[in-house]
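Excluded from the calculations below are hydrogen atoms, water molecules and symmetry mates; all remaining heavy atoms, backbone and side chain alike, are included.
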Amino acid sequence: MKFLKPDYKNISFHGRWEKTDKGMVGHWVRPYFEFKFTGTQFTINTEGANSYRVVIDNDEYSANGAGADVTRFFKEKTTVNVKVKINNDTGFPFILKGITHDGVIQPLPSKRKHNCLFIGDSLTHDANSHSAVIPNMFDYDYTVVAQGGLALCNGRGYCTVPAPEYRTDQTRYGMESAFYFFTAPSEKIDIVPYDFKLSEDYDMVFLKYGTNDRLINEEALPEFKEKYYKLVKEVHELYPKADFYLLLPAADHETGLRLKTIEEAALKACEISPKIKYISSRGWDIEIGADKVH
């Protein structure tokens with residue numbers, strides 16, 4: 001049996017993955033990796049609290065628990081495509097320590113039509129949201145940079161990170177900063193800057209923001225509009241060939257200040273490039289969770 005230490009070169013990684021001494025660490029929402037295996041046996045060696053599922057060709061297997069290894073045996077030497085999908089919890093990163101096997105492991109180049117980047121809060125984070133439905137329905141590659149409770153603007157929203165021991169306050173990040181992190185803002189993991197040299201080349205970007213920024217009075221609006229425009233512009237500059245879709249929150253039925261502000265911000269951002277388009281979801285009446293909020 002041989003042990004393959006994971007790297008960006010020998011396995012195909014999708015999402016935001018950080019190379020560490022422990023192995024490859026998957027961050028944000030539902031990262032996954034793929035490889036082609038030829039042989040009779042392999043074991044996926046893992047660590048961390050997040051659970052995962054293994055798809056071998058068209059058959060799916062769940063790990064026995066978070067951090068559990070998965071072993072597959074074959075009666076004779078065979079070649080299979082393997083996809084490992086990490087579950088939804090951004091607070092407990094998945095660690096791929098390596099793969100023990102008796103054959104050959106190769107990266108699996110994607111043959112999918114599109115590679116999508118989804119940016120947002122809980123309306124994007126949720127396992128039943130558009131960031132899950134679109135890739136599953138059409139078999140697209142994807143990266144999900146989202147976090148429940150995360151506002152666009154720093155200092156707003158519900159996502160806090162405890163301060164270092166020498167300070168007594170907490171940091172409340174918004175996506176304006178968090179998009180540039182390897183990790184989602186969480187009290188359970190350290191904040192690490194993302195290396196955009198590792199980023200995939202997305203051809204579709206979806207951004208849905210504004211539900212956690214407390215857009216309930218005129219004082220809150222100018223900063224949100226400014227930061228919305230800035231983030232769209234910067235992401236567009238990172239992926240200038242991508243079709244960019246700005247989404248109005250589908251779960252919102254109100255017609256007041258919040259939706260009007262998000263809509264105005266999105267329409268202004270569309271002026272950046274013809275490739276940026278606004279998608280209104282007024283009247284869609286879609287629920288993606290059982291809490292009557294999402």
Side-chain angles (χ1 to χ4, degrees), residues 16 28-29 114-126 129-131 134 140 142-157 159 172-181 184-185 194 196 199-284 286 294:
R16 290 194 175 179
W28 288 96
V29 181
H114 289 296
N115 196 339
C116 306
L117 171 63
F118 298 92
I119 307 169
D121 52 29
S122 59
L123 294 173
T124 301
H125 184 161
D126 194 282
S129 72
H130 62 292
S131 71
I134 291 173
Y140 293 167
Y142 60 91
T143 294
V144 184
V145 180
Q147 174 66 52
L150 193 66
L152 173 65
C153 300
N154 291 336
R156 302 187 192 177
C159 199
R172 183 167 290 180
Y173 288 111
M175 188 58 80
E176 64 166 307
S177 294
F179 180 75
Y180 303 94
F181 301 157
Y194 182 58
F196 279 91
S199 176
E200 299 175 71
D201 189 14
Y202 306 108
D203 63 352
M204 299 174 73
V205 177
F206 299 81
L207 185 142
K208 181 186 286 191
Y209 249 102
T211 57
N212 297 314
D213 281 85
R214 293 190 62 77
L215 303 175
I216 57 176
N217 55 59
E218 293 291 338
E219 290 75 17
L221 309 188
E223 182 188 17
F224 175 82
K225 291 180 179 180
E226 175 188 345
K227 298 294 176 62
Y228 191 102
Y229 186 93
K230 182 174 183 289
L231 182 62
V232 172
K233 186 174 185 294
E234 291 177 351
V235 176
H236 171 64
E237 289 172 351
L238 285 168
Y239 312 106
K241 297 180 181 179
D243 293 318
F244 208 129
Y245 301 99
L246 306 177
L247 312 178
L248 192 69
D252 254 333
H253 305 292
E254 64 185 83
T255 58
L257 190 61
R258 178 163 60 169
L259 288 197
K260 181 175 180 289
T261 302
I262 299 169
E263 195 164 53
E264 289 177 353
L267 290 171
K268 177 64 176 176
C270 287
E271 298 174 4
I272 296 170
S273 167
K275 295 189 75 67
I276 301 174
K277 298 176 176 62
Y278 166 62
I279 305 293
S280 174
S281 56
R282 290 183 184 274
W284 284 14
I286 296 171
H294 295 91

Straight-line distance of S280 OG to L248 CG, nearest 0.5 Å: 5.0 Å
Carboxylate-amine/guanidinium proximity below 4.0 Å for K230 and E226: no
Modelled atom types, side-chain donor and acceptor of Y173 and Q147, under 3.5 Å: no
Which atom of E223 lies closest to which atom of N154, heavy atoms considered: OE2-O, 4.5 Å
C153 side, atom SG; K227 side, atom NZ - distance, nearest 0.5 Å: 5.0 Å
Beyond-backbone contact of F244 with K275, side-chain heavy atoms, under 4.5 angstrom: no
Spatial distance of atom CH2 (W28) from atom CD1 (I119) [nearest 0.5 Å]: 9.5 Å
S122 side-chain N/O to G148 backbone N/O, donor-acceptor pair under 3.5 Å: no
Any side-chain heavy-atom pair of N212 and R156 under 4.5 Å: no
D243 and V205, any side-chain heavy atoms less than 4.5 Å apart: no
Whether Y194 and F196 hold their rings parallel, tilted or perpendicular, with breakpoints at 30° and 60°: perpendicular
Rounded distance (nearest 0.5 Å) linking atom CG of L231 with atom CG of L152: 6.0 Å
Nearest non-hydrogen partners of A266 and Y278, listed with the distance: CB-CD1, 3.6 Å
Backbone N/O of G157 and side chain of R172: donor-acceptor pair under 3.5 Å: yes
side-chain hydrogen bond (donor to acceptor under 3.5 Å, both in side chains) against E219, all qualifying residues, sequence neighbours excluded: none
CG on L150 to CE on M175, rounded to 0.5 Å: 5.0 Å
Cation-pi, Y209 ring and R258 (6.0 angstrom, 45 degrees): no
Salt bridge (Lys or Arg N to Asp or Glu O under 4.0 Å) involving E264 - partner list, sequence neighbours excluded: K225, K260
Distance, nearest 0.5 Å, that separates OH of Y245 from SG of C270: 11.5 Å
Whether over 12 other heavy atoms sit under 6.0 Å from K277 NZ: yes
side-chain hydrogen bond (donor to acceptor under 3.5 Å, both in side chains) against Y239, all qualifying residues, sequence neighbours excluded: S199
R16 side chain vs F181 backbone, donor-acceptor pair below 3.5 Å: yes
Side chain to side chain, L215 and L257, heavy atoms closer than 4.5 Å: no
Partner set under salt bridge (Lys or Arg N to Asp or Glu O under 4.0 Å) for E200, not counting sequence neighbours: none
Side-chain touch V144/T124, heavy atoms, less than 4.5 angstrom: yes
Atom CG of D201 with >12 non-hydrogen neighbours under 6.0 angstrom: no
side-chain contact (heavy atoms from CB on, under 4.5 Å) partners of I134, counting only residues at least two apart: F118, H130, F138, Y140, F206
Between S131 and Y142: side-chain donor-acceptor atoms closer than 3.5 Å: no
Pairwise side-chain contact, V145 with L117, heavy-atom cut-off 4.5 Å (strictly under): yes
Intermediate values then yes/no, side-chain contact (heavy atoms from CB on, under 4.5 Å), L246 and I279: CA-CA 6 Å; L246 306 177; I279 305 293; over 6 Å; no
Set of residues satisfying side-chain hydrogen bond (donor to acceptor under 3.5 Å, both in side chains) with respect to E218, sequence neighbours excluded: none
